[in-house]
Amino acid sequence: MSHRTTLAAAAAVLLALAAPARAGDPIDVAAAKKEGKVVWYTSTPIATANKIVKAFESETGVKVELFRSGGTQVLRRFMQEHEAGHLAADVLTTSDPAATAALARKGIFVAFKPTNFDRVPAEAKDADGGYVAQRLNLITIFVRHDKVADAAAPKTWSDLLDPRYKGQMVTTDPSYTALGLITVATLAKKFGWGFYEKLRAADTMVVQGNQQVAEMLKNGERLIAAGALDSYAADERKAGHPVATVYPSEGALIIASPTSVVKGSPNPNAAKLFAEFMLGDTAQKFFPEDGGYAARVDIAAPADSPKLADVKALAVDYDAIEKQAAQVKRKFNEIFQ
């Protein structure tokens with residue numbers, strides 16, 4: 001994967017060149033159905049994950065055993081089991097492109113290119129098929145606009161340091177969520193760790209993941225999400241809650257969530273069948289329905305949201321994040337302990 005994200009630009013070019021999808025690698029469907037189940041470890045938002053599971057089971061008759069947690073927690077469990085020689089997961093979906101790319105280089109995944117692989121930007125997949133994005137995540141600021149007037153709302157990441165927002169902000173824990181890890185690493189690199197020290201001084205609340213951030217805003221316990229997954233803001237708006245997205249002028253973050261078929265897993269054929277289903281029309285359209293962005297460039301953006309090609313994006317140095325992940329988590333915890 002490119003060490004600097006150019007996903008939005010790549011998606012725009014790929015869409016312009018869109019052609020009928022090439023057939024994917026072969027799958028033994030009969031063998032998959034004989035295996036009867038697939039075990040999926042994922043950080044996919046739970047509502048969308050459950051939709052995917054239900055649709056796949058209905059279409060194929062193959063059952064899905066789901067382990068869903070934050071991306072960092074999912075990777076930790078997968079690695080603990082792998083190192084112990086106990087492979088439980090057949091398919092792995094996280095939101096940590098750097099860690100997934102590193103595992104692919106170690107040969108931990110099957111090289112598999114499902115149908116529609118060619119409709120995903122090159123920056124969001126492994127050319128050899130070790131992984132391919134399931135979805136693209138947009139990290140923004142979002143606010144309770146009934147409590148924070150548009151004129152008073154932050155417009156940039158730097159605006160979050162304004163004393164007027166003291167006690168109003170909430171953010172995610174990079175030790176739990178991979179998206180949080182990438183966000184913290186990227187913003188700390190751009191603005192320095194003083195950015196997070198000032199957020200701490202402003203009594204910013206830290207919760208586990210993006211779902212908890214959205215709940216804090218919905219309940220009115222906090223008014224500003226200081227860097228969180230925008231699909232949750234879209235979900236809240238869809239449910240009638242007064243939550244508005246701010247696309248910071250310095251740039252939002254666009255982060256892929258890669259899916260891989262695990263080498264040597266218990267249900268290898270069902271794993272391929274499920275991985276291919278994840279890039280099919282049914283599953284891909286669930287993401288914009290739930291306020292997020294599909295990995296495929298031919299699937300429309302969510303309603304009332306911009307096309308990714310129109311969103312200014314911050315550069316994300318995945319190679320550096322992979323090397324510095326433990327250090328970033330430790331520094332964040334020192335600041336917010």
Side-chain angles (χ1 to χ4, degrees), residues 1-8 10 41-44 69-84 87 89 91-111 120-139 171-193 195-196 208-210 227-229 251-263 295 313-335:
M1 177 172 291
S2 169
H3 77 290
R4 291 197 180 275
T5 184
T6 53
L7 279 174
Y41 283 17
T42 185
S43 60
T44 304
S69 189
T72 300
Q73 293 295 318
V74 168
L75 273 170
R76 181 176 295 129
R77 174 165 167 172
F78 174 76
M79 290 309 303
Q80 287 173 344
E81 292 173 349
H82 187 273
E83 289 164 6
L87 287 177
V91 177
L92 178 69
T93 304
T94 77
S95 296
D96 192 334
T100 300
L103 294 176
R105 288 193 294 270
K106 294 177 181 177
I108 288 176
F109 304 131
V110 175
V120 176
E123 287 77 8
K125 63 188 178 187
D126 173 40
D128 296 326
Y131 56 86
V132 60
Q134 171 217 53
R135 67 188 192 280
L136 302 177
N137 303 284
L138 184 62
I139 304 297
T171 194
T172 61
D173 183 352
S175 293
Y176 178 80
T177 165
L179 292 175
L181 169 63
I182 295 167
T183 300
V184 170
T186 300
L187 296 183
K189 180 179 180 180
K190 183 170 181 62
F191 300 113
W193 279 107
F195 176 81
Y196 280 100
Q208 272 194 328
N210 292 284
L229 180 56
L253 284 80
I254 303 173
I255 303 168
S257 286
T259 288
S260 300
V261 174
V262 180
K263 186 179 290 185
L314 285 175
V316 178
D317 191 339
Y318 289 110
D319 293 342
I321 293 170
E322 180 196 344
K323 295 179 177 68
Q324 299 167 6
Q327 178 184 341
V328 168
K329 294 173 192 176
R330 184 167 59 249
K331 181 66 175 177
F332 183 91
N333 289 335
E334 287 172 359
I335 291 171

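Residue indices begin at 1 and follow the sequence shown.
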Inset, instruction - Assert yes or no for the condition that the ring centre distance of F109 to Y131 is strictly below 6.0 Å. - result: no

Inset, instruction - For residues Y196 and L187, determine if any side-chain heavy atom of one lies less than 4.5 Å from a side-chain heavy atom of the other. - result: yes

Legend entry - Rounded distance [0.5 Å steps], CD in Q80 versus CZ in R76: 7.0 Å

Inset, instruction - Pick out which of N333, V328, I335 makes a side chain to side chain contact (heavy atoms under 4.5 Å, CB included) with K331. - result: I335

Inset, instruction - Please step through side chain to side chain contact (heavy atoms under 4.5 Å, CB included) for the pair V91 and V262, ending with a clear verdict. - result: CA-CA 6 Å; V91 177; V262 180; 6.0 Å; no

Inset, instruction - Give me the one residue out of T94, T259, T44 that meets side chain to side chain donor-acceptor pair (under 3.5 Å) with Q134. - result: T44

Legend entry - Between CG on residue L103 and CD1 on residue I108, distance to nearest 0.5 Å: 4.5 Å

Legend entry - Over all atoms of both residues, closest heavy-atom pair of S257 and S95: OG-OG, 2.7 Å

Legend entry - For S175 against Q73, the heavy-atom pair lying closest together: O-NE2, 3.3 Å

Legend entry - Minimum side-chain heavy-atom gap V74-T42 below 4.5 Å: no

Legend entry - Side chain proximity check, D173 to Q208, heavy atoms < 4.5 angstrom: no

Legend entry - Inter-residue atom distance R105.CZ - D126.CG, 0.5 Å rounding: 9.5 Å

Inset, instruction - Would you check if K329 and T72 make a side-chain contact, meaning some heavy-atom pair closer than 4.5 Å? - result: yes

Legend entry - Inter-residue atom distance H82.NE2 - L92.CG, 0.5 Å rounding: 10.5 Å

Legend entry - Test item: S260 side-chain N/O and G130 main-chain N/O as donor-acceptor pair under 3.5 Å: yes

Inset, instruction - Identify the heavy atoms of L75 and A99 that sit nearest to each other, and give their distance. - result: CD1-CB, 3.6 Å

Legend entry - Side-chain heavy-atom pair S43, D96 within 4.5 angstrom cut-off: no

Inset, instruction - Please name the pair of heavy atoms, one in K189 and one in D317, separated by the smallest distance, quoted to 0.1 Å. - result: NZ-OD2, 3.2 Å

Legend entry - Taking every non-hydrogen atom, the tightest pair across E322 and A102: OE2-CB, 3.1 Å

Legend entry - Donor-acceptor contact below 3.5 Å, side chain N137 vs main chain I255: yes

Inset, instruction - To the nearest 0.5 angstrom, please state how far the CG atom of L253 sits from the CG atom of L136. - result: 13.0 Å

Legend entry - Shortest non-hydrogen contact between A295 and A133, atoms and distance: CB-O, 3.2 Å

Inset, instruction - Side-chain contact test, heavy atoms from C-beta onward, threshold under 4.5 Å: evaluate it for L179 versus T172 and give yes or no. - result: no

Inset, instruction - Dump the intermediate steps for side chain to side chain contact (heavy atoms under 4.5 Å, CB included) on Y41 and S69, then the final yes or no. - result: CA-CA 8 Å; Y41 283 17; S69 189; over 6 Å; no

Inset, instruction - Any chance you could measure T186, atom OG1, to L314, atom CG, to the nearest 0.5 Å? - result: 7.0 Å

